[in-house]
Amino acid sequence: MSRPFKIEIAESEEELKKRLQTANLGNQKEKLIMLWWIKSGQVKEQQEIGKRLAKDTSTVTRWLQKYRTDGISGLLKIKKAPGAKRKIDGYLCN
């Protein structure tokens, strides 16, 4: 059994539920569910969150650390995937 963790969720349960209903991406929903479970007292350990979400505990740890440092907006921020730069910018090919 893992040791309990301490984290203060600033948002209310109602706010988390509303955000969860409007979330479009699965990854954002998982993160919001995690915060809601913590806020509502349904989970007490990171290991339990990992099992419920089928995620490794290191992923849960990383998410919680991101929440601690950057808040909910930082946690839910969508990262743009790196890719090759466009070879033709601003031109349409006919």
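Remember, it's a predicted structure, so these values are computed and weren't measured experimentally.
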Could you tell me whether E15 and R19 have a side-chain N and a carboxylate O separated by less than 4.0 Å?
->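 The answer is yes: the pair qualifies as a salt bridge.
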Residues E13, K17: salt bridge by 4.0 Å N-O rule |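 Looking at K17 together with E13, the answer is no, because their closest N to O distance does not fall below 4.0 Å.
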Would Q42 and W36 satisfy side chain to side chain contact (heavy atoms under 4.5 Å, CB included), going step by step from the backbone distance to the final call?
-> CA-CA 8 Å; Q42 294 183 39; W36 183 68; 3.2 Å; yes
For N24, check side chain to side chain donor-acceptor pair (under 3.5 Å) against everything at least two apart and list the hits.
->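 Counting only residues at least two positions away or on another chain, N24 forms no side chain to side chain donor-acceptor pair (under 3.5 Å).
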Reference residue E48; test salt bridge (Lys or Arg N to Asp or Glu O under 4.0 Å); the match among K44, K51, R52 |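 Looking at K44, K51, R52, the match for E48 under the salt bridge (Lys or Arg N to Asp or Glu O under 4.0 Å) is R52.
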For [X] and [Y], which heavy atoms make the closest approach, and how far apart are they?
X	Y	answer
V60	M34	CG1-SD, 4.1 Å
S73	D70	OG-O, 3.7 Å
L32	A23	CD1-CB, 3.9 Å
K39	I9	NZ-O, 2.9 Å
E8	Y67	O-CE2, 3.7 Å

Distance (rounded to the nearest 0.5 Å) between [X] [atom1] and [Y] [atom2]:
X	Y	atom1	atom2	result
K18	S12	NZ	OG	7.5 Å
K66	T61	NZ	OG1	15.0 Å
S40	I33	OG	CD1	11.0 Å

Partner of K31 under side chain to side chain contact (heavy atoms under 4.5 Å, CB included), chosen from L75, I72, L53 |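 That would be L75; it is the only one of L75, I72, L53 passing the side chain to side chain contact (heavy atoms under 4.5 Å, CB included) with K31.
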Side-chain heavy atoms of L64 within contact of I38, under 4.5 Å |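 L64 vs I38: side chains touch.
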Evaluate the side-chain proximity of L25 to L76: yes if any heavy-atom separation is below 4.5 Å, no if none is.
->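 Result no, sub-4.5 Å side-chain heavy-atom pair not found.
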Judged by atom type as modelled, is there a donor-acceptor pair below 3.5 Å linking the side chain of T59 to the main-chain atoms of K55?
->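 Not at all, since once roles are kept as given, no pair shorter than 3.5 Å links the two residues.
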